[in-house]
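Note: hydrogens, waters and symmetry copies are ignored here, and every other heavy atom, side chains too, is used. Along the sequence shown, residues carry numbers from 1.
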Amino acid sequence: MPLRDDVQIVSVDDHVVEPPNVWVDRLPAKFKDRGPTSVRTPEGRDIWMIDGVPNPSVGLNAVAGKKHEEYGLEPTAYDDMRAGCYTIADRIADMDVDGIHAQLCFPSLPGFAGSTFFNMADKELAKACVSAWNDWCIEEWCAGMPGRQIPLALVPYWDIPATVAEAERVIAKGARTISFTEMPHKFGLPSYHTKEWDGLFAVLNEAKVPLSIHFGSGGGPVVPADAPFTTAIAMYGLNSVMATMDLCNTRIFERFPNLKFALSEGGIGWMPYALERMDYTWERHRYYTGMADAMKPSDIFRNHIYGCFIHDDAGLHNVDRIGEDNIMFEGDYPHSDCNWPHARKMLAESLANVPDAIARK
């Protein structure tokens with residue numbers, strides 16, 4: 001269907017490049033000198049210093065409007081980005097140009113789920129950095145244009161009691177989703193098969209707030225050291241496949257029937273095979289693996305797991321095998337997968353052969 005003027009587009013995965021004031025303005029006084037501070041290098045690039053450790057911004061994080069030939073991994077500067085990367089008024093203007101009514105933004109410096117803070121030695125400073133980012137996102141970035149930005153929050157997932165407390169705090173402040181790591185077990189944390197996360201899940205289940213698990217939040221893919229970076233970028237979506245297969249073979253949702261997981265930037269084209277494979281193995285192997293009375297993986301998926309796409313003809317050609325209610329759209333502004341300023345046009349082309357009612361969803 002053509003995307004008519006009355007169709008509003010909501011993107012469930014975009015990104016914000018934090019402006020220099022985020023932590024300077026909001027960290028407690030005892031942490032201000034050690035928290036993230038933006039510094040201009042002699043080469044004219046802007047990097048973050050955190051407790052004396054440099055954290056350069058990656059150029060691919062802010063390429064909206066650039067030609068593909070201009071992409072690169074070298075650190076960048078605010079002057080080299082569109083102002084919409086880090087200023088809310090300019091972001092709204094860029095959304096209007098792109099035809100996007102509302103969007104959900106993941107962080108940049110913290111990592112998609114807060115991995116930068118997870119890796120810090122001083123975990124008290126790390127927790128303070130998480131809370132400061134959450135307050136900035138909800139009170140400044142999203143409040144700057146209500147209804148156009150959907151509040152997302154981080155949690156200090158290395159500390160489960162603190163995670164539960166922060167989830168309760170930010171949900172009360174208006175957070176609509178919590179960003180979380182795809183595969184906590186990869187970092188030595190309890191897996192989804194334990195009950196260690198039940199406190200967090202109980203809060204989310206009661207509030208009906210989903211967890212958003214962005215690809216890469218569970219670590220990078222395993223690629224040969226001499227492979228080009230295109231290999232890694234192409235393989236990141238496999239994290240979403242693995243996380244989905246893991247979640248659909250847990251007992252979480254029996255205890256928390258309102259809990260939802262949203263896969264961010266993982267695509268949807270792989271879903272028909274994954275659903276078929278999970279059910280096939282479940283039918284054959286559930287009796288001796290303790291899963292005889294477990295929910296069928298594809299039923300878990302359709303009731304609890306949601307994917308999104310930027311440009312994914314394979315998935316859109318198999319909507320009936322995935323489920324029309326499990327598919328969302330993402331723009332990925334200003335990252336290297338984004339199509340700004342042509343997102344609406346390209347989405348219309350992608351949906352040309354999708355029935356009107358499904359396309360509107």
Undergrad: Might you confirm whether atom CZ of Phe187 has over 12 heavy atoms from other residues, nucleotides or ligands at distances under 6.0 Å?
TA: yes
Undergrad: What is the minimum heavy-atom distance between Tyr86 and Val17, and which atoms define it?
TA: CB-O, 3.0 Å
Undergrad: In sequence, state the C-alpha distance, the side-chain angles, and the governing distance for Ser298 and Asp279, and then conclude on side-chain hydrogen bond (donor to acceptor under 3.5 Å, both in side chains).
TA: CA-CA 6 Å; Ser298 60; Asp279 281 356; 2.6 Å; yes
Undergrad: Decide salt bridge (Lys or Arg N to Asp or Glu O under 4.0 Å) for Asp98 and Arg91; before the verdict, give the C-alpha distance in whole Å, the side-chain angles of both, and the deciding distance to 0.1 Å.
TA: CA-CA 10 Å; Asp98 213 18; Arg91 172 61 65 91; over 6 Å; no
Undergrad: For Thr177, enumerate each residue passing the side chain to side chain donor-acceptor pair (under 3.5 Å) test, keeping only those at least two apart in sequence or located in another chain.
TA: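 Ser212.
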Undergrad: So, do Phe256 and Val203 sit near enough that their side-chain heavy atoms are less than 4.5 Å apart?
TA: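 No, their side chains stay 4.5 Å or more apart.
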Undergrad: For Gln149, which of Leu104, Ile138, Ile88 qualifies under side-chain contact (heavy atoms from CB on, under 4.5 Å)?
TA: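 Only one of Leu104, Ile138, Ile88 forms a side-chain contact (heavy atoms from CB on, under 4.5 Å) with Gln149, namely Ile88.
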Undergrad: For residues Tyr192 and His185, establish whether the separation of their ring centroids is below 6.0 Å.
TA: no
Undergrad: What is the minimum heavy-atom distance between Glu182 and Phe215, and which atoms define it?
TA: OE2-CA, 2.9 Å
Undergrad: What are the two closest heavy atoms between Ile322 and Phe301, and how far apart are they?
TA: O-CE2, 3.7 Å
Undergrad: On the 0 to 90° scale, with breaks at 30° and 60°, tag the His15-Phe112 ring pair as parallel, tilted or perpendicular.
TA: tilted
Undergrad: Is it the case that more than 12 heavy atoms not belonging to Glu283 sit under 6.0 Å from its CD atom?
TA: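 Buried by this count: over 12 neighbours within 6.0 Å.
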Undergrad: Do His193 and Asp246 get their side chains close enough for a donor-acceptor pair, meaning under 3.5 Å?
TA: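 Note: His193 and Asp246 side chains meet the donor-acceptor criterion.
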Undergrad: Look at the aromatic rings of His68 and Tyr71 and report parallel, tilted or perpendicular, splitting at 30° and 60°.
TA: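 Judged by the thresholds at 30° and 60°, the geometry between His68 and Tyr71 is tilted.
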Undergrad: How are the rings of His214 and Phe106 set to each other: parallel, tilted or perpendicular (split at 30° and 60°)?
TA: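 Taking Phe106 first and then His214, their aromatic rings stand perpendicular (interplane angle over 60°).
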